[in-house]
Amino acid sequence: MPSSKTIVAKSVDQFLRSLRERNASVHTIKAYTGDLANFAAYVGPRGWRNIDHVTIRGFLSHLYEKGLGKTSVARSLAAVRSLYRWLAQEGMVQQNPAALVSTPKLAKKLPRVPTIEEMNSVFDGQMPEAAAFPERDRVMFELLYGCGIRNSELIGINLDDIRLSSEAILIRGKGKKERYVPFGESVTAALRAYLPARQQKLAERKKAISALLINQRGGRLTPRSVGRIIKKIAIAKGLSPEVHPHTLRHAFATHMLEEGADLRAIQEMLGHERLSTTQRYTQLSVKHLLEVYDQTHPRAK
């Protein structure tokens, strides 16, 4: 008995088979299976020549009508684009009409930020036993939260970039843009404890390196290592397992706003090109202010 599957449905099956052969993640295959089944059902018996970017836009509209959110629709479009890339590699299509369809604009979500109290709890007392190099790990936390710098900027800091006397660090940001970021007493104290320990480790390894932050072998830390260390210590100190270096940058900006800092000053410290990027933090801050107002103002009760 001949298969009643459409041309598109057959191609989807072949594409999913190729993903399995390439050991794609189970999560990806499961998501693509559902999204592409919807696509095959929507286009019906049409052949590839009769499907253009207007058809694909119609498919996305159909998903919206079914009540799917922007994130799900964006994922479905990504699945269709991947399918077309595979079809092109197999020589089954000449063009990728899905590339002409723009991805739905997703609202930029900021992660939940640890409270000021939660952040203070990280710095109170010693670094936990999970810290393999406690002096260095404290410096990492102090710099990420105390200066609001990015992970890539943190590992790029060299010894010469630190101006201990003026309490400022030269940071190399995106697009090789440089800025000075101030730091306070707690960063100074952490640096003073770490620098001799760093020197000792390098002497043991008979190494010389310009990087401020070094690994156990005396090399420069990688962004992945920083992420792993931050997560391990955050969990040991009772923070969410979702904490990563960027969370501390968000916490820096949010807490500065909550304490009354000027938005433009925060923009400068974060190294944001546009003020609109920094303004995202006001969403979190305003939410916090409303909660405080509701809880404390006599007329709000």
Side-chain angles (χ1 to χ4, degrees), residues 106-114 116 118-119 122-123 131 133 136-163 167-184 186-188 190-191 194 198 209-215 219-235 237 239-259 261-285:
L106 301 174
K108 281 189 176 169
K109 278 189 184 158
L110 288 166
R112 189 190 96 70
V113 169
I116 294 174
E118 283 173 328
M119 284 311 305
V122 173
F123 299 110
F133 189 167
R136 177 204 62 192
D137 298 350
R138 180 176 281 276
V139 166
M140 280 163 51
F141 261 92
E142 291 282 7
L143 287 173
L144 287 167
Y145 176 60
C147 302
I149 55 180
R150 300 175 178 97
N151 190 344
S152 56
E153 295 170 345
L154 175 77
I155 59 163
I157 297 171
N158 293 327
L159 270 185
D160 295 350
D161 299 331
I162 296 166
R163 313 282 185 269
E167 295 195 331
I169 302 181
L170 177 66
I171 298 293
R172 290 168 197 82
K174 287 184 176 176
K176 294 186 178 166
K177 286 205 169 71
E178 294 186 344
R179 68 186 190 279
Y180 274 102
V181 176
F183 59 83
S186 52
V187 172
T188 305
L191 283 168
Y194 165 63
R198 172 190 177 277
I209 187 172
S210 59
L212 170 68
L213 297 170
I214 58 167
N215 58 29
R220 191 183 285 270
L221 276 180
T222 63
R224 185 171 285 181
S225 301
V226 172
R228 208 170 42 240
I229 294 162
I230 293 295
K231 186 184 280 258
K232 192 190 282 184
I233 291 171
I235 292 169
K237 283 282 192 174
L239 293 186
S240 157
E242 301 302 310
V243 168
H244 48 83
H246 221 71
T247 318
L248 303 182
R249 180 170 157 87
H250 291 313
F252 163 85
T254 309
H255 297 167
M256 291 278 282
L257 263 177
E258 283 174 10
E259 295 295 307
D262 169 57
L263 201 60
R264 284 212 178 271
I266 296 172
Q267 177 194 2
E268 193 75 25
M269 286 185 266
L270 290 173
H272 282 157
E273 192 113 308
R274 292 187 295 274
L275 189 63
S276 58
T277 314
T278 318
Q279 278 167 335
R280 289 193 294 143
Y281 293 102
T282 56
Q283 305 162 9
L284 289 173
S285 223

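Nothing here was measured: the structure is a model prediction, and the numbers come from that model. Atoms considered below: every heavy atom in the structure, side chains included; atoms not considered: hydrogens, waters and symmetry mates.
Note: Ser225 OG to Arg220 CZ = 13.0 Å, rounded to the nearest 0.5 Å. Rounding to the nearest 0.5 angstrom, the gap separating the CD atom in Glu268 from the CZ atom in Arg264 is 9.5 Å. Note that OG1 of Thr188 is 4.0 Å distant from CD of Glu167, once rounded to the nearest 0.5 Å. In this structure, CG in Leu191 is found 6.5 Å from CD1 in Ile169, a value given to the nearest 0.5 Å. Rounded to the nearest 0.5 angstrom, Leu159 CG and Arg198 CZ are separated by 4.0 Å. With values rounded to the nearest 0.5 angstrom, Ile266 atom CD1 is found 7.0 Å from Phe252 atom CZ.
In terms of heavy-atom proximity, Ile116 sits nearest to Glu259 at CD1-OE2, 3.5 Å. For Pro245 against Asn151, the heavy-atom pair with the smallest separation is CG-ND2, 3.5 Å. Closest non-hydrogen pair, Arg274 versus Gln267, comes out as C-NE2, 3.6 Å. When all heavy atoms of Gly173 and Arg179 are compared, the closest pair comes out as CA-NH1, 4.0 Å. Of all non-hydrogen atoms in Met140 and Ile230, the two that sit nearest each other are CE-CD1, 4.2 Å. Scanning all heavy atoms of the two residues, the minimum distance from Ile155 to Pro223 falls at CD1-CD, 3.4 Å.
Inter-residue side-chain proximity for Val187 and Tyr145 is flagged as unmet; no heavy-atom pair is nearer than 4.5 Å. The shortest distance between side-chain heavy atoms of Ser152 and Lys174 does not fall below 4.5 Å. Between Glu142 and Phe123, some side-chain heavy-atom pair lies under the 4.5 Å cut-off. By the 4.5 Å heavy-atom criterion applied to side chains, Asp161 and Asn158 are counted as neighbours. With a 4.5 Å cut-off on side-chain heavy atoms, Val122 and Glu118 do not count as touching.
Each of Leu213, Val139, Leu143 was evaluated against Ile157; a single residue qualifies, Leu143, per the side-chain contact (heavy atoms from CB on, under 4.5 Å) test.
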Does the side chain to side chain contact (heavy atoms under 4.5 Å, CB included) test come out yes or no for Tyr194 and Leu212, once each step is laid out? CA-CA 10 Å; Tyr194 165 63; Leu212 170 68; 3.9 Å; yes
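For the pair Arg224 (side chain) and Leu221 (backbone), a donor-acceptor distance under 3.5 Å is absent. Arg249 places a side-chain N or O within 3.5 Å of a backbone atom of Leu270 that can act as its donor or acceptor partner. Side-chain atoms of Lys232 do not come within 3.5 Å of backbone N or O of Ala131 as any donor-acceptor pair.
His250 and His246 have perpendicular rings, their planes meeting at more than 60° on a 0 to 90° scale where under 30° would count as parallel.
Side-chain polar atoms of Glu242 and Thr247 form no donor-acceptor pair below 3.5 angstrom.
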